[in-house]
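Starting from 1, each residue takes its place in the sequence as its number. A quick note: this is a predicted structure, and the numbers were derived from the prediction, not measured.
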Amino acid sequence: MDKNNELAIPDEIIKDKIYFIRGQKVMIDRDLAELYGVETRVLKQSVRRHIKRFPEDFMFQMTKEEFENLRSQFVMSRQHGGTRYLPMVFTEQGVAMLSSVLNSDRAIMVNIQIIRTFTKIRQMLSSHKEILLKLEQIESKNLEYDEKFMLIFEYLKQLEETKQTEAEQKNRKNIGF
């Protein structure tokens, strides 16, 4: 059997493990460790050994508030009494860097899938932005047309009032000659 098929993780599973924290799409150390088939502490140790490869825009540690917020939103279970340390989260670049730190075939294969998923999400968001821009353009054109129609209706109203005044003038009795 092909190794690619053995390790294939459905995109939905990966997408469900991507969160939006501090304005960035990130993945949590625990979820990455699960995907890579290693313990979370092993992943964290590898990162700490190579910390120079993980600047803040690649990886950061969640604050207590961020973690509590995430846990309350997704009802994360407390395994073995909860976590001792706040989780590390990895941006797309950080996930890519993990493949060089966790040098196993599984880590490389999983990383490829994760990066492809990030790319699909980015493309999907990009197409949504294009659709939103087109809707805004249509809406602004509609507003322009609405203004033009209002002006036309105003002119028609004035024309009708003028015709009505003229009709009233014609229907008056002539006084004098």
- Spell out, yes or no, whether Leu43 and Ile51 are grouped together once hydrophobic residues are joined by side-chain heavy atoms under 4.5 Å, including indirect joins. yes

- Any donor-acceptor N/O pair, Arg53 side chain to Gly94 backbone, under 3.5 Å: no

- Roughly how far, to the nearest 0.5 Å, is CE of Met150 from NZ of Lys157? 9.0 Å

- Any chance you could lay out the side chain to side chain contact (heavy atoms under 4.5 Å, CB included) test for Met88 and Arg48, step after step, and finish with the verdict? CA-CA 11 Å; Met88 293 177 170; Arg48 285 191 185 103; 3.8 Å; yes

- Task: Heavy atoms only: give me the nearest Asn111-Ala96 pair and the separation to one decimal.
- Result: ND2-O, 3.6 Å

- Query: Could you go step by step and tell me if Ile14 and Phe118 meet the side chain to side chain contact (heavy atoms under 4.5 Å, CB included) rule?
  - Reply: CA-CA 9 Å; Ile14 295 172; Phe118 269 109; over 6 Å; no

- Query: Would Met62 and Asn69 count as a side chain to side chain contact (heavy atoms under 4.5 Å, CB included) if you check the C-alpha gap in whole Å, the side-chain angles of each, and the deciding distance to 0.1 Å?
  - Reply: CA-CA 11 Å; Met62 291 176 76; Asn69 185 30; over 6 Å; no

- Under 3.5 Å, is there a donor-acceptor pair between the side chain of Thr91 and the main chain of Asp57? yes

- Heavy-atom closest pair (Arg106 atom, Leu35 atom, distance to 0.1 Å) is NH2-O, 2.9 Å

- Min side-chain heavy-atom separation Lys17-Leu32 under 4.5 Å: no

- Note on the structure: Rounded to the nearest 0.5 angstrom, the CG-CD1 distance for Asp31 and Ile13 is 11.5 Å

- Can you tell me how far CD1 of Ile21 sits from CD1 of Ile28, rounded to the nearest 0.5 angstrom? 5.0 Å

- Query: Just wondering, are more than 12 heavy atoms of other shown residues or ligands nearer than 6.0 Å to CD in Glu161?
  - Reply: yes

- Do Tyr85 and Lys44 come within less than 4.5 Å of each other through their side chains, counting heavy atoms only? yes

- Query: To the nearest 0.5 Å, how far apart are NZ in Lys25 and NZ in Lys15?
  - Reply: 12.5 Å

- Interatomic distance, Tyr19 atom OH to Leu70 atom CG [nearest 0.5 angstrom]: 5.5 Å

- Check the surroundings of atom CZ in Arg22: do more than 12 heavy atoms from other residues, nucleotides or ligands lie under 6.0 Å from it? yes

- Message: Checking Met97 against Val47 for the side chain to side chain contact (heavy atoms under 4.5 Å, CB included) test, could you report, in this order, the C-alpha distance in whole Å, the side-chain angles of both residues, the deciding distance, and whether it holds?
- Response: CA-CA 10 Å; Met97 188 60 72; Val47 169; over 6 Å; no

- Query: Rounded to the nearest 0.5 Å, how far apart are CD1 of Ile114 and CE of Met27?
  - Reply: 4.0 Å

- Query: Between Gln61 and Leu86, which heavy-atom pair has the shortest distance, and what is it?
  - Reply: NE2-O, 2.9 Å

